[in-house]
S.K.: 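Below is one structure. I have some questions about it.
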2 protein chains.
Amino acid sequence: MKKITTRDKIINSAHKLFYEKGFNGTSIDDILKDAGLNKGSLYHLFQGKKEVLLAVIEERIAYNLEQKYKDIATVENPLRFLKQKLLTTDTFDFKHGCALNNLVQEMSPVDEDIAKALWQVYNALEDYYFLALREENMSEYEKKSVAKMMVATVEGAIMAAKAAQDKEPYLQIVEQLFCLIPMHPHKKKG
Amino acid sequence: MKKITTRDKIINSAHKLFYEKGFNGTSIDDILKDAGLNKGSLYHLFQGKKEVLLAVIEERIAYNLEQKYKDIATVENPLRFLKQKLLTTDTFDFKHGCALNNLVQEMSPVDEDIAKALWQVYNALEDYYFLALREENMSEYEKKSVAKMMVATVEGAIMAAKAAQDKEPYLQIVEQLFCLIPMHPHKKKG
DNA sequence: ATTTTACTTGACTATATAGTCAATTTTATG
DNA sequence: CATAAAATTGACTATATAGTCAAGTAAAAT
């Protein structure tokens, strides 16, 4: 098993705190306290707070997304797979929402480099939804468009849950979404 | 014409800056500088920064929403009216997104009072969308559910535009949304 | 006109924050 | 083991920030 490096500790703590309290709401000292490290260690490895955020986006958030959805490309019924993923809320933290969404909201208008990094991850997310539609009877163009819309709806659903501080609206919206998209019939398993 | 009070100036500036830079990203001094006022004036009228935010939400954001959508209740084809409102992007600032959404993202997990105030406005928004469906052939329950989903999709579309720093994704998603919801046919006007 | 109330001014405090840096310890490397 | 390189320590600086407050000014009430 791999050793947890100082860099890992920083990225882990930063990821958690940025998620829970936002970038501006989290201080360098917060990160260091959580990681059990001292200031010099961080500034030895990173130029500053912004570079920590970039690492969090490019390494942790992008990685988590990939882990969550990579099977979509090979699974038999990808749309069902996606729906199941979306409705498995064990790990879903309705209180704090979506790590990607949160950062887009806070940072995209403010910093161009960060906006670019976030935009890449956002595109990867749309690509997974596009793959989820591969079995459906639509043109490629329509799949792209529907995938885009589905991502927006799910992100909006997460926001609704955050507004309510309750996961119920999220579940309802995701159900409603899957009622509206024209589904290609699969043979039911079992 | 009504005189612009000191209170108005503060709420105007705060609203603008919170929208553009977020609550944590905006300092009291930023607000005062923008409003051309001094510190004492603000603290004479408000207990603190949080109370300024509450006033912004309850007075300005709620009011703007009402102004934008109040005609939905009386207009002939409310769904078309809604779509037109959504696609009229003159005033829509894709770079900074939705004032309500931004604040939900940043503040709802952090402060319960603010979460409540935001939740009220969010509900008002869903109510307007519900009214937009009043002519459609659905059960009341389904209208509620579809309205909820539509709000989520539009909010998600705004977020997509913010992620892209471009209004195009927003327009595309809104179009796609109106393709999918089952529309009751109205006689075309003209 | 005089008093009282409402509002405004801006200096001040206490604290939080991002980032620096010289000294020290730990870890490779020959 | 000796030396060089990498990593770590924590005190320090400079600045920003929320909020206080005593004194002053304008507006209202009597």
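Note that these values count all heavy atoms, side chains included, but never hydrogens, waters or copies made by symmetry. Below, chain A is the first sequence line, B the second, and so on; all start at residue 1.
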S.K.: Checking side-chain polar atoms at under 3.5 Å, does B:K162 have a donor or acceptor matched by the opposite partner on B:N101?
M.R.: no
S.K.: How far does NZ of B:K68 sit from CG of B:L82, to the nearest 0.5 angstrom?
M.R.: 9.0 Å
S.K.: Assess the side chains of B:S41 and B:N38: does a donor N or O sit below 3.5 Å from an acceptor N or O?
M.R.: no
S.K.: Within 45° of the ring axis of B:Y129 and under 6.0 Å from its six-membered ring centre, is that where the NZ or CZ of B:K148 lies?
M.R.: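 Judged by the rule, B:K148 and B:Y129 form no cation-pi pair.
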S.K.: Base, backbone or nothing for each nucleotide of nucleotides 5-19 of chain C, written B, S, -, heavy atoms under 4.0 angstrom, 5' to 3'?
M.R.: --BBBB------SBB
S.K.: Separation of A:I10 atom CD1 from D:dT9 atom P, in whole Å?
M.R.: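 To the nearest whole Å, that distance equals 11 Å.
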S.K.: Would you check if B:V104 and B:E155 make a side-chain contact, meaning some heavy-atom pair closer than 4.5 Å?
M.R.: no
